[in-house]
Protein chains: 2
Amino acid sequence: MTDINKQEKIARYAKAMGHPTRVAILQFLANQETCYFGDIHEELPIAKATVSQHLKELKEAGLIQGEIEAPKVKYCINRENWKLAQELFNEFFEQCSCKKGCCQ
Amino acid sequence: MTDINKQEKIARYAKAMGHPTRVAILQFLANQETCYFGDIHEELPIAKATVSQHLKELKEAGLIQGEIEAPKVKYCINRENWKLAQELFNEFFEQCSCKKGCCQ
DNA sequence: AATATTGTTCGCAAAATTACGAATAGTTTT
DNA sequence: AAAACTATTCGTAATTTTGCGAACAATATT
């Protein structure tokens, strides 16, 4: 992956994580095996339409995935991309020159 | 730090990192000891007013800091918050249930 | 078949983000 | 003191984000 490509991926993931509600959703999902839309909605003080929208964005960013289990919809973390995001952020934060002992 | 507080901090940092240009700026700064506004602007294909705006946001999020070294302005990573962000993101990504071996 | 349940999509409004040129402010150099 | 240099702030326009209620779609239940 090129540097610029990595930057764009980081920005994409970061943007998806750039809202408290979405961080809360991710955290909730990360600590469940899987769960239904209703469970997520129950946790949050916002309208279901808004929850659905946040879920859509997280899904489009690739951090979560949903599958229909009629009549419910089951969401979970997208493990593959979660791992990728973790690696990208890790590498990103590690690269700081202050990690290399060259500054106070 | 409470869980919700952490979530908000993560969201705040993530939001700041949620734009390719800002990731590029952070990456550039992370690999310099320090540098001037002009150096950053030179790296980027956008107007200086826009660069300044992105820098302001990164500064307000706490990821960078700037100091006047007349007539220039010197920017650098805010090491303290960089470290905090690194720890928060690390903990966040680690918490996923898929890390704990309880799912495929 | 009618009704209920579960979520998504639509349509809208308010607010925030992004980007830029021009104007401005603060120093420094001439 | 004037001119030059560096970067921020202002004003504006276009786009995106956020949030909601209402309408809708799909399946399950009665």
Side-chain angles (χ1 to χ4, degrees), chain A residues 4 7-29 32 34-78, chain B residues 4 7-29 32 34-78:
Chain A
I4 290 184
Q7 287 177 355
E8 275 171 6
K9 273 211 170 301
I10 289 173
R12 188 70 186 85
Y13 289 135
K15 189 176 179 188
M17 293 174 61
H19 191 289
T21 296
R22 291 197 292 270
V23 175
I25 290 172
L26 288 173
Q27 189 138 37
F28 184 69
L29 281 177
Q32 315 278 317
T34 65
C35 72
Y36 299 115
F37 174 90
D39 304 328
I40 299 169
H41 180 214
E42 227 172 28
E43 285 289 302
L44 303 168
I46 54 177
K48 64 182 177 173
T50 308
V51 174
S52 199
Q53 209 169 275
H54 282 308
L55 287 168
K56 187 179 178 184
E57 280 169 55
L58 289 170
K59 199 162 55 177
E60 281 171 0
L63 289 170
I64 67 171
Q65 55 195 283
E67 87 184 80
I68 295 170
E69 202 167 89
K72 300 187 175 182
V73 177
K74 193 173 76 180
Y75 281 99
C76 63
I77 296 293
N78 181 319
Chain B
I4 288 184
Q7 286 177 357
E8 273 169 7
K9 273 212 170 301
I10 289 173
R12 187 72 187 82
Y13 289 135
K15 189 176 177 187
M17 293 173 62
H19 192 288
T21 295
R22 291 197 292 269
V23 174
I25 291 172
L26 289 174
Q27 189 139 37
F28 184 69
L29 281 176
Q32 317 277 315
T34 65
C35 73
Y36 298 115
F37 174 89
D39 304 327
I40 298 169
H41 179 212
E42 226 172 29
E43 284 289 303
L44 302 168
I46 54 178
K48 65 182 175 174
T50 308
V51 174
S52 202
Q53 208 169 279
H54 282 307
L55 288 168
K56 187 180 179 186
E57 281 170 54
L58 289 170
K59 199 163 54 180
E60 282 172 0
L63 288 170
I64 68 172
Q65 56 195 284
E67 89 184 78
I68 294 170
E69 203 167 90
K72 300 186 175 181
V73 177
K74 193 174 76 178
Y75 281 98
C76 65
I77 295 292
N78 180 320

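As the structure is a computational prediction, the values presented were derived from the model and not from experiment. Below, chains carry the letters A, B, ... as their sequence lines are ordered, and counting in each starts from 1.
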| request: For His41(B), report the nucleic acid contact type (base, sugar-phosphate, nothing); a contact means any heavy atom under 4.0 Å. | output: nothing

| message | What I'd like to find out is whether the side chain of Leu44(A) reaches to under 4.5 Å of the side chain of Ile25(A), using heavy atoms alone. | response | yes

| So, is Thr50(B) near the phosphate of dT18(C), with a side-chain N or O under 4.0 Å from OP1 or OP2? | no

| Partners passing side chain to side chain contact (heavy atoms under 4.5 Å, CB included) against Thr50(B) (at least two apart in sequence or in another chain) | Ile46(B), Ala47(B), His54(B)

| query | Roughly how many Å is it from CD1 in Ile68(A) to P in dA26(D), rounded to a whole number? | reply | 10 Å

| query | Taking side chain as C-beta onward, heavy atoms only, is Leu29(A) less than 4.5 Å from Leu63(A)? | reply | no

| To the nearest angstrom, how far is Glu42(A) atom CD from dT5(C) atom P? | 15 Å

| Listed once per pair and sorted, the salt bridge (Lys or Arg N to Asp or Glu O under 4.0 Å) pairs that draw on residues 62-77 of chain A, sequence neighbours left out | Glu69(A)-Lys74(A)

| task | Taking all non-hydrogen atoms of both residues into account, name the closest pair between Pro20(A) and Ala11(B) and its distance. | result | N-CB, 3.5 Å

| said: Output the rounded distance in Å from CD1 (Ile25(B)) to C1' (dA19(C)). | reply: 13 Å

| Protein-nucleotide distance (Leu58(A), atom CG; dG7(C), atom P), rounded to Å | 16 Å

| said: Going by the rule side chain to side chain contact (heavy atoms under 4.5 Å, CB included), which residues pair with Glu60(A) if we only count those two or more places apart in sequence or in a different chain? | reply: Arg12(A), Lys56(A)

| Does the side chain of Gln32(B) come within less than 4.5 Å of Tyr75(B)'s, by heavy atoms? | no

| Under 4.0 Å: is that the gap between some side-chain N or O of His54(A) and OP1 or OP2 of dG19(D)? | yes

Close N or O pairs between protein and nucleotides 6-10 of chain D (under 3.5 Å):
residue	atom	partner	partner atom	Å
dA7(D)	OP1	Phe37(B)	N	3.4
dA7(D)	OP1	Val73(B)	N	3.3
dA7(D)	OP2	Gly38(B)	N	3.1
dA7(D)	N7	Lys48(B)	NZ	3.3
dT8(D)	OP1	Tyr75(B)	OH	2.3
dT8(D)	OP2	Ser52(B)	OG	2.6
dT8(D)	O5'	Ser52(B)	OG	3.2

| field | Strand-adjacent residues in residues 11-21 of chain A, judged by heavy atoms under 4.0 Å from DNA chain D | value | Lys15(A), His19(A)

| task | Could you pull out all residues at least two apart from Glu43(A) that satisfy side chain to side chain contact (heavy atoms under 4.5 Å, CB included)? | result | Phe28(A)

| request: Apply side chain to side chain donor-acceptor pair (under 3.5 Å) to Glu57(A) and list each qualifying residue two or more places apart in sequence or on a separate chain. | output: Arg22(A)

| said: Distance check needed: dT27(D) C1' versus Glu67(A) CD, whole Å only. | reply: 16 Å

